[in-house]
Amino acid sequence: MLIQDATLADGRRRDVRVEGERIAAVERRLSPRDDERIVAADGKLLLPGMIDAHVHFREPGFPDKETWASGSRAAAAGGVTTVVDQPNTEPPTIDGERVAEKAALAADSLVDFGINGGVTPDWNSDELLAEPLFALGEVFLADSTGEMGIDADLFTDAVAAATEHGIAVTVHAEDADEFDESVRPSSEDAGDGQRQGANERTDADAWSAFRTPEAEHAAVERACRVGEELGAQLHVAHTSTPDGIDRAKRAGMTCEVTPHHLLLSRDDLPELGTFGRMNPPLRSEQRREGVFERVADGTVDIVATDHAPHTRAEKDAAIWDAPSGVPGVETALPLLLAEAREGRLSYERVRDLTAATPAAVFDLPRKGRIEAGNDADLALFDPDATREIRGEQLHSKAGWTPFEGWDGIFPEWTMVRGKTVYRNDKDEAFGDARGENVRSG
Ligand SMILES: NC(=O)N[C@@H](CC(=O)O)C(=O)O
Ligand SMILES: [Zn+2]
Ligand SMILES: [Zn+2]
């Protein structure tokens with residue numbers, strides 16, 4: 001196949017030849033061979049497919065929230081060609097058998113995938129770390145969906161074990177000791193005799209007031225200290241504060257930012273209500289701006305979505321009862337490209353945040369760059385074709401998005417290892433190819 005006259009993220013116009021699963025050549029002009037299929041890019045933007053290092057596809061355990069089939073369709077429709085699934089499923093992915101069980105379910109995936117292993121007091125570290133894991137993580141330093149928060153000693157043991165096996169550790173960095181219990185209703189009193197709920201609140205912003213920025217700062221600091229002492233490769237998931245980012249980078253670790261912490265703030269909560277509840281929570285507009293600066297200037301390593309779907313019915317609850325998490329895998333690249341179109345990020349930066357750098361950080365040598373020899377994981381975009389995001393048009397089972405009404409630039413087609421998995425010309429269609437585990441084979 002010959003993709004003719006594509007514009008790459010750096011502005012070069014190139015022809016790209018795909019042979020089988022790989023990119024065979026990237027040149028100014030390539031002459032079509034006999035019988036070669038021609039795909040006219042007409043100067044449109046060709047990007048390496050996004051590697052979303054942080055999704056929750058919910059199988060096994062919660063197929064009403066998402067399945068590998070539905071989640072991977074959402075990924076493909078958003079230009080994402082590799083996803084990394086997190087361990088807070090039911091059962092949690094904490095031993096060899098559960099990795100195998102999840103891998104069997106992931107055989108439904110349209111896009112390539114990685115499977116992370118999780119840590120709980122019951123984990124089987126020897127078995128788990130012998131599996132072809134993408135990374136160990138997200139390791140929860142505080143409870144989030146799935147209540148897998150662990151204590152400091154277990155965290156240190158887990159980082160040591162992963163490091164011995166040469167496996168990176170991704171961390172959910174919040175420290176519950178720094179949460180502001182005074183805003184939480186006293187009915188939540190854990191029975192420790194402490195007076196809670198002195199400033200009891202029920203508005204949506206209460207979640208942000210409760211899970212404080214200081215909780216992130218403290219946990220990033222503590223995790224990085226452990227990482228430094230053990231010579232670990234630590235990656236801080238979903239950093240939501242400028243200070244959290246700076247602490248991770250000062251310690252020589254990598255970090256990720258989600259589209260929601262990049263683009264939404266506490267100012268959006270009156271409108272979003274519980275549909276804006278996630279961990280870590282949305283921060284002040286001032287902090288959001290600081291996060292955006294660090295994403296735009298290259299301080300932040302990657303964007304990953306923390307795609308965490310819950311049904312509308314589940315989310316439609318009181319702020320202290322609703323589950324935490326928002327969907328995002330389908331809208332990440334479209335939103336970033338809309339930002340680039342407005343001049344707030346460069347297209348090269350978008351490519352690095354979503355593809356080149358995740359491939360480098362997590363050691364995927366054949367992915368993340370449009371270069372001869374690499375996997376043909378590609379997505380084509382018309383940067384002038386913005387579309388209003390509508391939750392009901394997205395493919396996640398969630399059926400809603402915190403970005404309702406925002407502009408997005410969606411792919412015309414998405415290709416995984418040379419096979420078209422999604423196209424949207426006259427109608428939308430998905431391919432029938434299946435993804436592979438990026439750590440197997
Ligand atoms: N981010 C969230 O608020 N929720 C995630 C878990 C997590 O990433 O902490 C989920 O699985 O629902
Ligand atoms: Zn998390
Ligand atoms: Zn997560």
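For reference, positions follow the sequence shown, starting with 1. Start at 1 and go down the list; that is how both ligands and their atoms are numbered. Just so it is clear, the model here is predicted, and its values are computed rather than measured.
- Contacts of R58 with ligand 1, taken as heavy-atom pairs under 4.0 Å, involve the side chain alone.
- Using a 4.5 Å heavy-atom threshold, the side chains of H56 and N88 count as touching.
- Under the 30°/60° scheme for interplanar angles, the aromatic rings of H54 and H238 are found to be tilted.
- Ring pair F362/H235: centre-to-centre distance below 6.0 Å.
- The existence of a salt bridge linking R201 and D205 is confirmed by a sub-4.0 Å separation between a basic side-chain nitrogen and an acidic carboxylate oxygen.
- Annotation: atom 3 (O) of ligand 1 to nearest protein heavy atom, N279 N, 2.8 Å.
- Residue contact check for ligand 1: H54 places a non-hydrogen atom closer than 4.0 Å to it.
- Excluding waters, the count of protein N/O/S atoms less than 2.8 Å from the Zn ion (ligand 3) comes to 4.
- Here the shortest heavy-atom pairing between T414 and V80 reads CG2-O, 4.4 Å.
- Residue contacts with ligand 1 for V326 are absent, since no atom lies close enough (heavy atoms, distance under 4.0 Å).
- The shortest heavy-atom distance from H310 to ligand 1 is under 4.0 Å.
- In this structure, E428 does not pair ionically with R423, as no charged nitrogen and carboxylate oxygen lie closer than 4.0 Å.
- Looking only at heavy atoms of the protein, atom 9 (O) of ligand 1 is closest to S144 OG, 2.6 Å.
- Only the side chain of E138 comes within 4.0 Å of ligand 1, counting heavy atoms alone; its backbone N, CA, C and O stay farther away.
- Side-chain atoms of F292 and E339, non-hydrogen and from C-beta on, do get closer than 4.5 Å to each other.
- A salt bridge links E436 with R417; the closest basic N to acidic carboxylate O contact falls under 4.0 Å.
- Here D306 has side-chain heavy atoms under 4.0 Å from ligand 1, and that is the only part of it that gets that close.
- At a heavy-atom cutoff of 4.0 Å, ligand 1 is contacted by no atom of R277, backbone or side chain.
- Note on ring orientation: taking the six-membered ring where Trp is involved, the planes of Y422 and F430 are tilted (angle from 30° to 60°).
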